[in-house]
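Counting convention: from 1, in listed order, for ligands and their atoms alike. Numbering starts at 1 and runs along the sequence shown.
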Amino acid sequence: MKQIQIIDAKNHVGETVKIGAWVANKRSSGKISFLQLRDGTAYFQAVVVKNEVGEEIFQLAKDLTQETSIWVTGEIREDTRSKFGYELGVKSIEVVGESHDYPITPKEHGVDFLMDHRHLWLRSSHQHAIMLIRNEIIRATYEFFNNNGFVKIDPPILTGSAPEGTTDLFETNYFDQKAYLSQSGQLYMEAAAMALGKVFSFGPTFRAEKSKTRRHLIEFWMIEPEMAFMHQEESLEVQEQYVAYLVQSVLDNCEYSLDVLGRDKEVLKRYTQLPYPRISYDDAVELLKENGFDDIEWGDDFGSPHETFIANSFDRPVFILNYPKAIKPFYMKPHPTREDLVICADMIAPEGYGEIIGGSERATDYEYLLEQIREAGLDEEEYSWYLDLRKYGSVPHSGFGLGLERTITFLAGIEHVREASPFPRLLNRIYP
Ligand code: 4AD
């Protein structure tokens, strides 16, 4: 007998098939039982009729408990009443693994309880849908950069460099030398861009940030493209095309997940419209002040309420351009006419989802960069390899980093970034 996955049911209407699945839910009424089955690809209903299967199998079906795993055989039928469109007319059932007192029941549970049971919570329909969106964003990322002539490069995870500041590093002992878990692969990606032109990375990054917000993870995945012979304006075009591509890919390939999560597809469609608006840091501060924000002064970094207000002033993601030099990392290119600014941009997602991209044009001048490294209190010996890039054929180059989990949160329309990671590392949580 043919073994199939639930997602392929549409190709087997009228056939008798075998499926390995878990019992997500069950209800019985008299001589008929309805099993809600899931196999990782989708959910659908299996109908067990006493007169068709006989007393023994009917009783077995009635006694099945939540998350019991089974082999089930039956005939695939169209089911016009369900959104999925197909169901299984059960012929036989064989229990594979019993499940007793499954802790996550259809009733409401608190977040701490769910996080303690993350290894099981992942099985629920919302979490399943979010992971499918995560997978689609990763797939579309490779497709976008491969289609546009980028080469995938893997920067190291154990490193001696601290591109984003020294305050939130995870330190480890590397054979009697200090090493850190990577905060960003950027500096290595700059070296790679000088070797290969256009490159991108996709890997885990770590920040020991003591932030307990709905946007911060301790371990998150970042996509970091870096492009030689490219100024910031062209980099912004790559960024908006990339994000619009992600939105379109999720719309095209994740309809089921978006429906489960109740994400409004018409709203998402707006975010495929280019270009995305640009506002300068200077103007953004003015905009906030005009609208009653007394807690912001020129020179401050934006907090979450500021970002949300700026984002709500536009109908799609917005770039905030050219921040004060004093609040940005050492490697950014100085503004040609304003020495208090650097050439950079953050992309802020709409609807309060916050910053999803940080990027900049990179400083190209050896002496300038050396001075910045000294001013940042970094050891210039440790950065001499990075300075070499400005000694041997320095070129204008730009790049950016997109946070995977923040982008998932935005596209899936979910409340908290912790649900965008299969096993999130949070402040005070490294279990399970
Ligand atoms: O703005 P960030 O710190 O930029 C960099 O690391 C650059 N070196 C990237 C580059 O130019 N190659 O971080 C980039 C993005 C943010 O916009 C955000 O989406 C995400 O990484 N991010 C986080 N996501 C979850 N939890 C955190 N603690 C994050 N910190 C940054």
Side-chain angles (χ1 to χ4, degrees), residues 134 137 141 145 150 153-155 157 159 161-170 180-193 198-228 230 232 235-236 238-239 242-243 246 301-302 304 307 311 317-321 323 327-333 342-349 353-363 376 386 397-411 414 416-421 424-427 429:
R134 180 180 175 112
I137 292 175
T141 291
F145 288 110
F150 285 70
I153 287 286
D154 305 313
I157 292 167
T159 117
S161 76
E164 304 303 315
T166 47
T167 47
D168 54 14
L169 286 169
F170 278 105
Y180 312 107
L181 295 182
S182 176
Q183 294 172 309
S184 157
Q186 181 194 317
L187 306 190
Y188 298 98
M189 296 309 286
E190 288 184 54
K198 292 198 289 187
V199 291
F200 76 106
S201 67
F202 172 54
T205 45
F206 307 85
R207 307 232 175 139
E209 282 175 295
K210 296 245 157 60
S211 319
K212 211 173 173 180
T213 79
R214 66 190 186 92
R215 294 175 183 174
H216 285 90
L217 291 169
I218 303 299
E219 177 180 316
F220 62 98
W221 285 62
M222 192 155 41
I223 290 105
E224 293 189 272
E226 193 70 33
M227 299 152 288
M230 196 173 280
Q232 173 73 346
S235 171
L236 295 182
V238 174
Q239 293 172 43
Y242 170 41
V243 171
L246 295 181
D301 208 353
F302 298 128
S304 162
E307 284 181 357
V318 53
F319 288 111
I320 304 178
L321 309 182
Y323 283 68
I327 55 169
K328 287 290 180 186
F330 71 89
Y331 52 70
M332 293 185 178
K333 187 179 175 66
V342 279
I343 304 293
C344 66
D346 287 349
M347 186 192 288
I348 313 296
Y353 290 103
E355 181 201 316
I356 54 170
I357 290 183
S360 68
E361 188 160 340
R362 320 306 190 187
Y386 182 65
H397 62 290
S398 305
F400 61 94
L402 172 131
L404 175 67
E405 289 79 6
R406 293 234 189 126
T407 306
I408 297 166
T409 309
F410 162 45
L411 296 186
I414 56 178
H416 201 296
V417 74
R418 66 182 161 228
E419 290 182 45
S421 168
R425 309 291 86 165
L426 299 160
L427 201 62
R429 182 176 285 281

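At a heavy-atom distance under 4.0 Å, no atom of Lys328 approaches ligand 1. Neither the backbone nor the side chain of Met189 has any atom closer than 4.0 Å to an atom of ligand 1 (non-hydrogen atoms only). Within the 4.0 Å heavy-atom criterion, the part of Ile357 lying near ligand 1 is the backbone and not the side chain. The side chain of Met222, and not its backbone, has at least one atom closer than 4.0 Å to an atom of ligand 1 (non-hydrogen atoms only; side chain from C-beta on). At a heavy-atom distance under 4.0 Å, only side-chain atoms of Phe220, from C-beta outward, approach ligand 1. Contacts between Tyr331 and ligand 1, counted as non-hydrogen atom pairs separated by less than 4.0 Å, involve the side chain only.
With rounding to the nearest 0.5 angstrom, the CG atom of Leu169 is 6.0 Å from the OH atom of Tyr180.
Below 4.0 Å from some heavy atom of Arg215 lie the following atoms of ligand 1, by number and element: 25 (C), 26 (N). Every atom of ligand 1 with a heavy atom of Ser184 under 4.0 Å away is listed here by number and element: 6 (O), 8 (N).
Ligand 1 lies out of reach of Val417, whose nearest heavy atom is not under 4.0 Å from it. At least one heavy atom of Glu164 sits closer than 4.0 Å to an atom of ligand 1.
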Report the C-alpha separation of Tyr242 and Thr141 in whole Å, then their side-chain angles, then the decisive distance to 0.1 Å, and conclude whether the side-chain contact (heavy atoms from CB on, under 4.5 Å) test is met.
CA-CA 8 Å; Tyr242 170 41; Thr141 291; 2.8 Å; yes
message: side-chain contact (heavy atoms from CB on, under 4.5 Å) for Leu426 and Leu217? Distances and angles first, verdict last.
response: CA-CA 5 Å; Leu426 299 160; Leu217 291 169; 3.6 Å; yes
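Phe220 meets the ring-ring contact (aromatic ring centres under 6.0 Å, His included) test with no other residue; sequence neighbours excluded.
For Asp301 and Tyr323, the side-chain atoms include no donor-acceptor pair closer than 3.5 Å.
For atom 12 (N) of ligand 1, the closest non-hydrogen atom on the protein side is Glu224 OE2, 2.7 Å.
Under the side chain to side chain donor-acceptor pair (under 3.5 Å) criterion, the residue pairs touching residues 398-408 are Arg134-Glu405, with sequence neighbours excluded.
Every N/O-N/O distance between Leu402 and ligand 1 stays at or above 3.5 Å. Taking any N or O of Glu355, backbone or side chain, at least one lies under 3.5 Å from an N or O belonging to ligand 1. For ligand 1, the polar-atom distance check finds no N/O of His216 at less than 3.5 Å from any of the ligand's N/O atoms. On a distance-only criterion, Gly359 and ligand 1 share no N/O pair closer than 3.5 Å.
Taking all heavy atoms of Glu219, Arg362, Arg207, Glu209 into account, the minimum distance to atom 3 (O) of ligand 1 is reached by Arg207.
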